[in-house]
Amino acid sequence: MWETNAEELLTHGDGTIRGVKVRKNDGRFDNVFGEQVMLSCGGFEGNREMLGRYVGPRADQLGLVAPGLKYNTGFGLKMGLQVGAATAGSFHGLHCELVDTRSSKPEATVWGHSFGIVVNEHSKRFYDEGNRSLFATCEVIAYETWRDQNQKAYFVTDAPIMDRFRPGWVYDTTDLDPEKGETIEDLAKKLGLVPQELKKTVDEYNASINDKEFNPLVLDGKSTFGLTPNKTNWAAPIKVAPFYGYPLTAKVVFTFGGLKVDLESRVLSTTGTPIPAGFITMRVRLPPKLESEVNRQRCVLSMY
């Protein structure tokens, strides 16, 4: 049923689920009955009210990584909660990614934060970009950008890294080329940062790097010392022009919380028992003429 929004679950007096109340594309309600109801409802990325309630203050600042997420309004979760379903997972958590603020492309994610430095709007590093593998940290650094850095972050690196990873998915998921400067100060201006502050951060970072070999394929131990925070791995110096950078912000990909189910995919109530679903049915033997008219269909009686 297209252009139809599920609004609430229909129940018998004993709590058995018997169908779904829906709103049609003309704005009117209708009831849809079935022997079983399956919820396949996604999260609540497109619901500002639920994001604020469960994720917390300033959740309205989180954009959507793809436009279709606006249809994930959390109605499926709300319908389950209304009939006493238990919850599972972390409703206050979410998966977000750092995306290119200049791009309007869906999922313009810049993945390579591990192979340079990421600074805030004051040109200060705020996260250990190399503390674990790229995919183990992409979510956390984005979350910190939203929660603690005013939704503003800037990735900075130099020619050897870009020559090594471009073209490719690490920096080319966005549809725009990185900002480029012949000096760190030039790059800072293009990113909207104070040139002297970014130059100071880069110089301090370069001076603190150990002499281990850079190897992006493993946790290489090429780290910094004396910085807050230090970078644990992949601390390649940023010294070779031209210098490159991306302005970044965090966008939500999906939320975590859901309804609690058992191994048979039955939704559990808050007491831990499965919520029953299905019609109370009975077969009725009709006179031959009437049976022919209804094409031998089963008659289903809804018991209230």
Side-chain angles (χ1 to χ4, degrees), residues 1-97 99 106-107 109 138-140 142-143 146-147 151 250-279 302:
M1 300 173 67
W2 300 101
E3 298 180 343
T4 302
N5 193 67
E7 296 276 343
E8 63 182 84
L9 294 170
L10 302 173
T11 62
H12 294 290
D14 65 357
T16 301
I17 307 300
R18 64 190 182 94
V20 183
K21 181 179 181 180
V22 301
R23 189 184 296 274
K24 308 289 286 184
N25 62 1
D26 62 0
R28 300 176 187 275
F29 287 124
D30 195 7
N31 293 335
V32 180
F33 302 103
E35 292 188 8
Q36 298 290 334
V37 174
M38 177 178 288
L39 296 176
S40 180
C41 49
F44 49 92
E45 303 85 26
N47 188 318
R48 301 285 101 180
E49 184 271 331
M50 289 184 72
L51 283 172
R53 184 195 311 174
Y54 293 116
V55 178
R58 297 183 290 107
D60 59 298
Q61 294 180 356
L62 285 163
L64 303 176
V65 79
L69 290 175
K70 67 183 180 182
Y71 298 110
N72 280 2
T73 57
F75 267 69
L77 301 176
K78 292 171 71 173
M79 289 191 296
L81 295 174
Q82 286 170 353
V83 297
T87 61
S90 172
F91 270 72
H92 71 275
L94 46 78
H95 175 70
C96 48
E97 296 171 359
V99 303
E107 201 159 359
T109 308
C138 64
E139 176 182 281
V140 183
Y143 190 84
W146 161 66
R147 187 184 62 185
Q151 270 289 50
K251 290 191 176 183
V252 62
V253 183
F254 52 82
T255 53
F256 289 154
L259 304 181
K260 192 171 186 178
V261 300
D262 62 14
L263 294 179
E264 298 178 42
S265 295
R266 297 177 299 180
V267 176
L268 301 179
S269 70
T270 53
T271 61
T273 58
I275 296 177
F279 275 89
S302 285

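Quick caveat, the model's predicted, so the values are computed rather than measured.
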- Task: Specify the closest pair of heavy atoms between Met1 and Lys24, including all atoms of both residues, with the distance to one decimal.
- Result: CE-NZ, 3.1 Å

- Minimal non-hydrogen separation, Glu7 against Gln82, with atom names: O-OE1, 4.4 Å

- Query: Nearest 0.5 Å, what's the CG-OG1 distance between Asn72 and Thr255?
  - Reply: 7.5 Å

May I have the list of side-chain donor-acceptor pairs in residues 83-95 shorter than 3.5 Å, sequence neighbours left out?
from, atom 1, to, atom 2, distance (Å)
Ser90, OG, His92, ND1, 3.2
Ser90, OG, Gly93, N, 3.3
His95, ND1, Glu139, OE1, 2.5
His95, NE2, Glu97, OE2, 3.1

- Query: What's the spacing between Cys96 SG and Phe254 CZ if we round to 0.5 Å?
  - Reply: 10.0 Å

- Note on the structure: Taking every heavy atom of Thr11 against every heavy atom of Arg18, the minimum-distance pair comes out as O-NE, 3.1 Å

- Item | Worked verdict on Val22 versus Asn5 for side chain to side chain contact (heavy atoms under 4.5 Å, CB included) | CA-CA 5 Å; Val22 301; Asn5 193 67; over 6 Å; no

- Message: Nearest 0.5 Å, please: how far is CZ in Arg147 from CD in Gln61?
- Response: 13.5 Å

- Rounded distance (nearest 0.5 Å) linking atom CG of Leu10 with atom OG1 of Thr16: 12.5 Å

- Query: Would you say the side chain of Val252 lies within less than 4.5 Å of the side chain of Val65, judging by non-hydrogen atoms?
  - Reply: no

- Message: Using modelled atom types and a 3.5 Å cut-off, is there a donor and acceptor pairing between side-chain atoms of Trp2 and backbone atoms of Asn25?
- Response: no

- Note on the structure: The reported gap from CZ in Phe29 to NZ in Lys21 (rounded to nearest 0.5 angstrom) is 4.5 Å

What side-chain donor-acceptor pairs closer than 3.5 Å can you find for residues 47-57, not counting sequence neighbours?
from, atom 1, to, atom 2, distance (Å)
Asn47, OD1, Glu49, N, 3.1
Asn47, OD1, Met50, N, 2.9
Asn47, ND2, Thr73, O, 2.8
Arg48, NH1, Asp60, O, 3.1
Arg48, NH1, Leu62, O, 3.1
Arg48, NH2, Glu45, O, 3.4
Arg48, NH2, Leu62, O, 3.3
Glu49, OE1, Arg53, NH2, 3.1
Glu49, OE2, Arg53, NE, 3.1
Glu49, OE2, Arg53, NH2, 2.5

Please tabulate, one pair per line, all N/O donor-acceptor pairs under 3.5 Å involving side-chain atoms of residues 259-272, not counting sequence neighbours.
from, atom 1, to, atom 2, distance (Å)
Asp262, OD1, Glu264, N, 2.9
Asp262, OD1, Ser265, N, 3.2
Asp262, OD1, Arg266, N, 2.9
Asp262, OD2, Arg266, NE, 2.8
Asp262, OD2, Arg266, NH2, 2.9
Ser269, OG, Thr271, N, 3.3
Ser269, OG, Thr271, OG1, 2.8
Ser269, OG, Thr273, N, 3.4
Ser269, OG, Thr273, O, 3.1
Ser269, OG, Thr273, OG1, 3.0
Thr271, OG1, Thr273, OG1, 3.2

